[in-house]
Amino acid sequence: MKKWQEILKDSITSPTALNEYFNVNITSLEEVIATFPMRINPYYLKLIQKIGDPFWKQAVPDVAELHDPVCIEDPLAEENLSPVPHLVHKYPDRVLFLVSNQCAMYCRFCTRKRKVGTGKMVINQESIQAGLDYIRHHPQVREVLLSGGDPLLLPDSQIEFILRELRSIPSVKVIRIGTRVPCTLPMRITPELVAVLKKYHPLYINTHFNHPAEITPEASAACTLLADAGIPMGCQTVLLKGVNDNPETMRELLLKLLEIRVKPYYLFQTDLTRGTNHFRTPTATGIRIMRSLIGHISGLAVPTFALDGPGGKGKIPLTPDYILSRGDKLVFENYRGEICTYPESGDGI
Ligand SMILES: *Cc1c(COP(=O)(O)O)cnc(C)c1O
Ligand code: SF4
């Protein structure tokens, strides 16, 4: 069996190479990738059945990326919220620490597409040290979220170095890794990697699947290895036009995730990232999908539909409104649309 490093090396990074599999407009794709790089590894390439399908949309550049009239470079103001480069301190008790600029695939809708996979994102031993020092000197940080890029594209030894350093800081209670490799390059989840990860509990992994057909036997095996190592797994799905923006696809995805022991955590409204406007849906689409899920399927499978406030204002839940009126009685609709009432307690009034 090929090693994950070799599979990754065989990735398609130019339109000419892609043209061997699918008929594409080489010139216009070259224009796109001059700004936003492409990387489609052989594993994910196999998921693409035809031009324009949900896997194609996630992986293959689109000229629309260069003609985005609405969105901005850094919608979450991450650069302004970085006390040291590549460390975002937005919430009081947790930081986002970007430790890799590489991914197993460059998702076309990526929130950090302004820098991921490009020369603009320089991560080296110095930036890692600066991040670790910041965390060491800010004991209010009880949780560190490793992200990127994809932290699990680093060599095992570098991952272990970062985890060991973090664990040497007593104020850091929880480590969370954000990674898409269980979905985009599941062979990266090797027994050796898992043996490293399990030494640094409590360690959580939030992965990222967007479509039920991404849950292949390989992806399932990767998640089994992680779950068997006692790593609680969550999923951060992005709501994407033409990929998963309907109740049937979303429901199938969420239920399948539960079967591979991955708990749906967030469903994200698309950020206002330049080059991704063609993926955006109205917020009403997500709210309608949430209404089709809540009560109808296991609560374990229901994520929080969240909007990350532009300008770094933080995430808020977008929830269907079940409440019809408030007063002595709360009047609300249930998941079936039946009207219900609940008498308020008189206490404290
Ligand atoms: C999303 C995010 C977090 C984590 O938020 P949770 O609600 O705990 O998942 C932390 N820091 C930054 C900068 C974020 O964008
Ligand atoms: S894996 Fe995540 S960070 Fe990497 S390109 Fe995809 S969305 Fe962006």
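Computed from heavy atoms alone, side chains included, the values below leave out hydrogens, waters and symmetry copies. In each ligand, atom 1 is the first atom listed, and ligand 1 is the first ligand listed. Because the structure is predicted, anything quoted here is derived from the model rather than measured.
Distances below 4.0 Å separate heavy atoms of Met105 from the following atoms of ligand 2: 5 (S). Here is the list of ligand 1 atoms found below 4.0 Å of a heavy atom in Lys90: 12 (C), 13 (C), 14 (C), 15 (O). Atoms of ligand 1 found under 4.0 Å from any heavy atom of Tyr266 (numbered from 1 in listed order, with element): 6 (P), 7 (O), 9 (O). Against a heavy-atom cut-off of under 4.0 Å, Leu145 is close to the following atoms of ligand 1: 3 (C), 4 (C), 10 (C). Taking every heavy atom of Arg94 and a limit of under 4.0 angstrom, the matching atoms of ligand 1 come to 4 (C), 5 (O), 6 (P), 7 (O), 8 (O). Per-residue contacts place Arg180 under 4.0 angstrom from the following atoms of ligand 2 (heavy atoms of the residue considered): 1 (S). Near Lys315, meaning under 4.0 Å from any of its heavy atoms, are these atoms of ligand 1: 1 (C), 2 (C), 3 (C), 4 (C), 5 (O), 14 (C), 15 (O).
Inclusion of Glu78 in the set of residues having an N or O under 3.5 Å from an N or O of ligand 1 is not warranted. Distances between N or O atoms of Tyr91 and those of ligand 1 include no value under 3.5 Å.
With 3.5 Å as the limit, one finds no donor-acceptor pair spanning the side chains of Asp245 and Thr285. At a cut-off of 3.5 Å, with distance as the only test, no side-chain donor of His208 or Asn206 sits close to an acceptor on the other residue.
A 6.0 Å sphere centred on NZ of Lys199 holds more than 12 heavy atoms belonging to other residues, nucleotides or ligands. More than 12 heavy atoms of other shown residues, nucleotides or ligands fall within 6.0 angstrom of atom CZ in Phe332.
Under the 4.0 angstrom criterion, atom 3 (S) of ligand 2 counts as having a protein heavy-atom contact.
Nearest protein neighbour of atom 8 (Fe) of ligand 2, counting heavy atoms only, is Cys110 SG, 2.3 Å. Scanning all protein heavy atoms for the shortest distance to atom 6 (P) of ligand 1 gives Tyr265 OH, 3.4 Å.
Heavy atoms of Lys113 stay at 4.0 angstrom or farther from ligand 2. Glu143 does not count as a contact of ligand 1, since none of its heavy atoms falls under 4.0 Å from the ligand.
In this structure, Arg39 fails the cation-pi test against Tyr44, since its NZ or CZ atom is not both closer than 6.0 Å to the six-membered ring centre and inside 45 degrees of the ring normal.
Interatomic distance, CG of Asn246 versus CG of Leu239, reported as 9.5 Å (0.5 Å rounding). To the nearest 0.5 angstrom, Glu73 atom CD is 11.5 Å from Asp68 atom CG.
Put simply, the side chain of Asn41 gets close to the backbone of Ala104: a donor and an acceptor are under 3.5 Å apart. Looking only at distances, a side-chain donor or acceptor of Asn19 sits under 3.5 Å from a matching main-chain atom of Val24.
Cluster annotation: Ile48 is connected to Leu18 through the hydrophobic network of ILVMFWY side chains, with a link wherever side-chain heavy atoms come within less than 4.5 Å. Residues Ile294 and Ile287 share a single hydrophobic cluster, defined by chaining ILVMFWY side chains whose heavy atoms lie under 4.5 Å apart.
By the criterion of a heavy-atom distance under 4.0 Å, the side chain of Arg176, and not its backbone, is placed next to ligand 1. Residue-level proximity to ligand 2 for Cys107 is carried by backbone and side chain together, each with a heavy atom below 4.0 angstrom.
Using a cut-off of 2.8 Å, one finds that Cys103 contributes no N/O/S atom close to atom 8 (Fe) of ligand 2.
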